[in-house]
Colleague: 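Just passing along the structure, written as structure tokens.
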Amino acid sequence: MRHLMSPLDFSVEELDRLMDLANDIEAHPGKYAHACDGKKLATLFYEPSTRTRLSHEAAMLNMGGSIMGFSSADSSSAAKGESVSDTIRMISCYADICAIRHPKEGAPMVACQKSSIPVINAGDGGHQHPTQTLTDLLTIRSLKGRLDHLKIGLCGDLKFGRTVHSLINALVRYPGIEFVLISPEELRLPGYVRKDVLDKQNIPYKEVVRLEEALPVLDLLYMTRVQKERFFNEEDYVRMKDFYILDKKKMTLAPDNMLVLHPLPRVNEISVEVDDDPRAAYFRQVQYGVYIRMALILTLLDIHVD
Ligand code: NCD
């Protein structure tokens with residue numbers, strides 16, 4: 001049985017197959033409409049979510065399956081003190097596959113050790129968010145035509161942003177990747193990613209504070225929200241929250257074929273006036289998130305459609 005804890009759980013070749021499947025689903029959705037008839041997905045969300053929970057659910061529903069779950073810790077027995085290990089044992093009796101989001105780093109890993117159904121990590125604290133990364137990879141591959149030889153700007157909360165940590169881990173496996181890390185001093189990429197991933201593998205990167213300095217040279221700009229819920233005090237959050245605002249004027253500095261991605265939700269870091277720019281790809285990214293999660297569910301359940 002297979003789980004998805006980190007994007008590295010799939011080899012580059014397996015990821016290619018997963019993305020090929022997602023592109024086939026995009027081209028021929030009808031072919032997959034009954035692929036999961038009789039199957040159940042449980043979504044166990046101990047932390048708020050809109051896209052990640054609903055896109056897993058949409059993915060299962062699109063393939064004829066059913067869904068169940070909870071969307072906050074207070075509406076589950078976690079409020080009574082039940083452990084994740086016990087909860088997953090129950091869920092294994094009810095569902096065929098589950099997606100779990102938890103504020104504690106490593107909680108999905110604990111769950112998969114006690115689970116008899118495939119577990120998908122739908123975000124664990126500030127650690128990893130592998131299905132967002134699969135979404136990002138599919139978006140980049142579909143819209144740019146490649147995942148190698150790209151200069152990628154990662155902007156915003158690089159300290160607490162789990163989407164950034166997962167994406168870096170996944171992208172360093174492709175040749176010719178360079179990063180520009182754009183953040184305020186206080187929100188720099190943590191050492192366990194900078195040193196243990198980038199430095200260790202000799203990946204070229206530059207750290208800058210000003211977005212204007214990075215924009216002219218990028219193939220792709222990945223914007224992120226300042227992760228309010230992971231700050232220890234409100235004052236620091238308020239000081240950081242509007243540090244970057246990508247607007248029309250700044251977009252004039254960027255190349256014509258640069259893509260703007262964002263895992264969403266956005267707060268103020270991308271002005272709504274940028275939404276109509278053809279380079280803004282964050283809403284198309286949401287759609288790719290459904291296709292890749294359909295492909296992921298089929299793969300983890302070992303269902304093949306010809
Ligand atoms: C991200 C997350 O939960 O880490 N959201 C998402 O799943 N698309 C990003 C965020 O909350 O900023």
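Counting convention: from 1, in listed order, for ligands and their atoms alike. Not measured: the values here are computed from a predicted model.
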Colleague: Taking only non-hydrogen atoms of P265, do any sit less than 4.0 angstrom from ligand 1?
Modeller: yes

Colleague: Mind checking whether T163 has an N or O less than 3.5 Å away from an N or O of ligand 1?
Modeller: no

Colleague: Would you compute the distance between atom OG of S77 and atom CZ of F70 and round it to the nearest 0.5 angstrom?
Modeller: 8.5 Å

Colleague: Does atom NZ of K31 have more than 12 heavy-atom neighbours, drawn from other residues, nucleotides or ligands, at distances under 6.0 Å?
Modeller: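 More than 12 within 6.0 Å, yes.
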
Colleague: Give yes or no for whether the N/O distance cutoff of 3.5 Å, strictly under, is met between Q132 and ligand 1.
Modeller: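 Yes.
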
Colleague: Within this structure, what is the OG-CG distance for the pair S6 and N121, rounded to the nearest 0.5 Å?
Modeller: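 Output value for this atom pair is 8.5 Å.
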
Colleague: Enumerate the atoms of ligand 1 whose separation from the nearest heavy atom of T52 is less than 4.0 angstrom.
Modeller: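 Answer, ordered by atom number: 6 (C), 7 (O).
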
Colleague: Starting from atom 3 (O) of ligand 1, find the nearest protein heavy-atom neighbour and note its residue, name and distance.
Modeller: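 Atom 3 (O) of ligand 1 sits closest to the protein heavy atom R162 NH2, 2.9 Å.
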
Colleague: With heavy-atom distances below 4.0 Å as the criterion, list the atoms of ligand 1 near Q227.
Modeller: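 So the answer, numbered in order with elements, is 10 (C), 12 (O).
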
Colleague: Tell me, which protein residue and heavy-atom name are nearest atom 11 (O) of ligand 1, and how many Å apart are they?
Modeller: R225 NH2, 2.8 Å

Colleague: Have H262 and E269 got a donor and an acceptor in their side chains that come within less than 3.5 Å?
Modeller: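 Their side chains do contain a donor-acceptor pair, which is all the 3.5 Å distance test asks for.
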
Colleague: Decide whether an N or O pair under 3.5 Å exists between L264 and ligand 1.
Modeller: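 By distance alone, the answer is yes.
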
Colleague: Between T43 and E57, is there a side-chain donor-acceptor contact under 3.5 Å, judged purely by atom types and distance?
Modeller: yes

Colleague: Check whether the side chains of R101 and H129 place a donor and an acceptor atom closer than 3.5 Å, and report yes or no.
Modeller: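 Note: R101 and H129 side chains meet the donor-acceptor criterion.
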
